[in-house]
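Throughout, residue positions are numbered sequentially from 1 according to the sequence presented.
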Amino acid sequence: QADIAMYQAKKSGRNTLRFFDPKMQGSINTRVALERELRKALDSQQFRLHYQIQVDSSGLPFGVEALIRWLHPERGLVPPFEFISLAEETGLICPIGEWVLETACKQLKLWERHELTQDLIMSVNVSAKQFYQSDFVVKVLEAIHRHDVNPSLLKLELTESMLLDKIEDTISTMNALKAVGVRFSLDDFGTGYSSLQYLKRLPLNQLKIDRSFVRDIAVDSSDEAIVSTIIAMAHSLNLDVIAEGVETDEQKQILLNKGCIHYQGYLFGKPVPIEQLEVMLKQDCLC
Ligand code: C2E
Ligand code: MG
Ligand code: MG
Ligand code: MG
């Protein structure tokens, strides 16, 4: 009996201890602190956009993807995976997303002045929370008008998972923006569960093959088969297709042989601040 009591006490003691696990407490504090810091970051303009070129089969850039970074006063450049999901959970992604759109449109306007940049398409990532805000369409149209940019140079990247729950809302939001020329790309394609039934109803312009399929395309025959299927699917739905995460010439060549002629990845350029992007664009050989 005494043994059992001792065992139970120890066990509950352990449970209690676990509850006060300093690591766990630490992570809660970190979250609260991070949320506070994120709000501050917005007010004190600590976010930056980096730009990664997208090229065609001859290596010519036709677009860029804007990717957010957080220039933290102590921690330096913080990548999106460290703060985007918390920003989504707290709703902060909406004002952050507005800042991204605003900054991207401002940049598009500046690009109009130079021959090298005036035709570049700007891709902007949009999160589900942001997309389903009732004033999302208005916000995007306002940004376009405020900066007086050509709407067909703006491409919004959406992900599969966010589109499927509310398919009717999704279609009408997309159509309202498509009516003025805004384009849409389906990001990380292949990682979600889109059926062809849904895909054919969405007013998309582009499928973006997820990096995870491109990575091993040269060595993994099932990844190769998946990529072939995505490219065929895109073509039969009359959509452009772009591969993300292209790092080697071999990967590019395989994609090209399969009919994918648009690429994004370290082979062509990493995401960089605007000054560096402009230097890259001025150089002739990009690959
Ligand atoms: P994503 O939209 O799929 O962006 C592509 C990611 O792949 C970027 O990571 C890019 O730096 C990385 N990448 C591109 N080429 C290569 C390559 O050849 N090799 C490797 N290993 N990686 C490559 P990043 O910039 O860290 O962004 C991660 C994710 O954060 C993005 O994935 C996107 O989902 C999200 N994100 C970034 N900016 C924004 C934003 O402004 N708003 C929202 N809502 N999400 C954003
Ligand atoms: Mg993207
Ligand atoms: Mg992607
Ligand atoms: Mg991705």
Side-chain angles (χ1 to χ4, degrees), residues 30-31 33-54 61 63-111 117 120-133 136 139-140 142-144 146-147 149 153-162 177 182-188 191 206 208 210-211 242 244-245 264-266 268-278 280-281:
T30 309
R31 265 177 74 92
L34 184 62
E35 186 181 343
R36 198 183 320 118
E37 280 197 281
L38 269 179
R39 287 182 199 280
K40 209 175 101 191
L42 251 181
D43 296 337
S44 44
Q45 299 175 329
Q46 293 172 2
F47 293 113
R48 298 289 180 274
L49 285 186
H50 282 191
Y51 301 91
Q52 186 178 31
I53 53 167
Q54 302 176 327
V64 302
E65 179 174 9
L67 294 155
I68 197 170
R69 271 94 184 96
W70 177 8
L71 189 57
H72 191 280
E74 286 115 41
R75 288 194 280 155
L77 213 57
V78 182
F81 77 88
E82 290 188 32
F83 63 90
I84 288 290
S85 56
L86 185 68
E88 278 168 354
E89 284 168 42
T90 56
L92 278 169
I93 196 65
C94 294
I96 292 174
E98 273 173 47
W99 176 85
V100 171
L101 256 175
E102 183 71 19
T103 308
C105 286
K106 215 181 274 175
Q107 194 54 58
L108 266 179
K109 190 66 193 173
L110 291 172
W111 284 349
T117 52
L120 286 177
I121 293 173
M122 174 78 81
S123 286
V124 170
N125 294 284
V126 173
S127 89
K129 264 242 173 82
Q130 193 188 353
F131 184 81
Y132 287 112
Q133 273 198 305
F136 178 70
K139 289 259 166 70
V140 176
E142 278 174 357
I144 288 169
R146 194 159 43 240
H147 296 284
V149 294
L153 295 179
L154 183 65
K155 186 184 281 173
L156 302 181
E157 294 197 358
L158 312 174
T159 52
E160 279 171 274
S161 49
M162 64 187 264
L177 291 169
V182 174
R183 302 179 204 225
F184 289 94
S185 179
L186 199 48
D187 204 354
D188 304 335
T191 60
Q206 184 183 65
K208 198 166 188 185
D210 190 62
R211 196 169 77 220
I242 183 169
E244 70 175 16
Q264 181 179 343
Y266 294 172
F268 309 97
K270 290 192 172 180
V272 290
I274 188 67
E275 306 77 33
Q276 260 169 275
L277 179 84
E278 285 169 353
M280 281 174 65
L281 291 171

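- Side-chain polar atoms of E65 and S123 form no donor-acceptor pair below 3.5 angstrom.
- The two atoms that bring A66 and M122 nearest to each other are CB-SD, 4.1 Å, heavy atoms only.
- If you take CG on L186 and CG on L158, they are separated by 7.0 Å, rounding to the nearest 0.5 Å.
- Note on E35 versus R39: salt bridge recorded, some NZ/NE/NH1/NH2 to OD/OE distance being below 4.0 Å.
- Cation-pi check for K270 over Y266 is met; the charged atom lies under 6.0 angstrom from the ring centroid and within 45 degrees of its normal.
- Contact annotation: the side chain of K208 approaches that of Q264 to within less than 4.5 Å [non-hydrogen atoms, C-beta and beyond].
- Put simply, CG on L49 and OG1 on T103 are 5.0 Å apart, with the number rounded to the nearest 0.5 Å.
- Exactly one residue among I68, L67, L277, I53 makes a side-chain contact (heavy atoms from CB on, under 4.5 Å) with P271. That residue is L67.
- Of the residues listed (E37, E82, Q46), the one engaging H72 in a side-chain hydrogen bond (donor to acceptor under 3.5 Å, both in side chains) is E37, and it is the only one.
- Looking only at side-chain heavy atoms (C-beta outward), N125 and V100 stay at 4.5 Å or farther from each other.
- Taking 4.5 Å as the limit, every side-chain heavy atom of Q276 sits out of range of all side-chain heavy atoms of Y51.
- With rounding to the nearest 0.5 Å, the separation of CD1 in I96 from CD in Q130 is 9.5 Å.
- Within the 4.5 Å cutoff, the side chain of H147 has heavy atoms near those of the E102 side chain.
- Across every non-hydrogen atom of C105 and V149, the tightest pair is O-CG1, 3.4 Å.
- To the nearest 0.5 Å, atom NZ of residue K109 and atom CZ of residue R146 are 14.0 Å apart.
- Between the OG1 atom in T191 and the CG atom in D210 there is a gap of 5.0 Å [rounded to 0.5 Å].
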Given R183 and Q206, is the side-chain contact (heavy atoms from CB on, under 4.5 Å) satisfied, shown in steps? CA-CA 8 Å; R183 302 179 204 225; Q206 184 183 65; over 6 Å; no
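- Taking each heavy atom of L42 and L92 in turn, the nearest pair found is CD1-CD2, 4.3 Å.
- Proximity of I274 to Q107: side-chain heavy atoms (C-beta onward) are separated by under 4.5 Å at one or more points.
- With values rounded to the nearest 0.5 angstrom, E142 atom CD is found 10.5 Å from I144 atom CD1.
- In terms of heavy atoms, V124 sits closest to A104 at CG2-CB, 3.7 Å.
- Between V64 and W111, the closest side-chain pair of non-hydrogen atoms falls below 4.5 Å.
- By the 30° and 60° cut-offs, the orientation of the rings of W99 relative to F47 is tilted.
- Side-chain atoms of V140 and V126, non-hydrogen and from C-beta on, never get closer than 4.5 Å to each other.
- What you find for S185 and K155 is that their closest heavy atoms are CB-CD, 3.8 Å.
- The two residues P61 and L281 make their nearest non-hydrogen contact at CG-CD2, 3.7 Å.
- In this structure, R69 and P80 have side chains that are in contact, with non-hydrogen atoms separated by less than 4.5 Å.
- In this structure, W70 and F83 have perpendicular ring planes: the angle between them is above 60°, well past the 30° mark.
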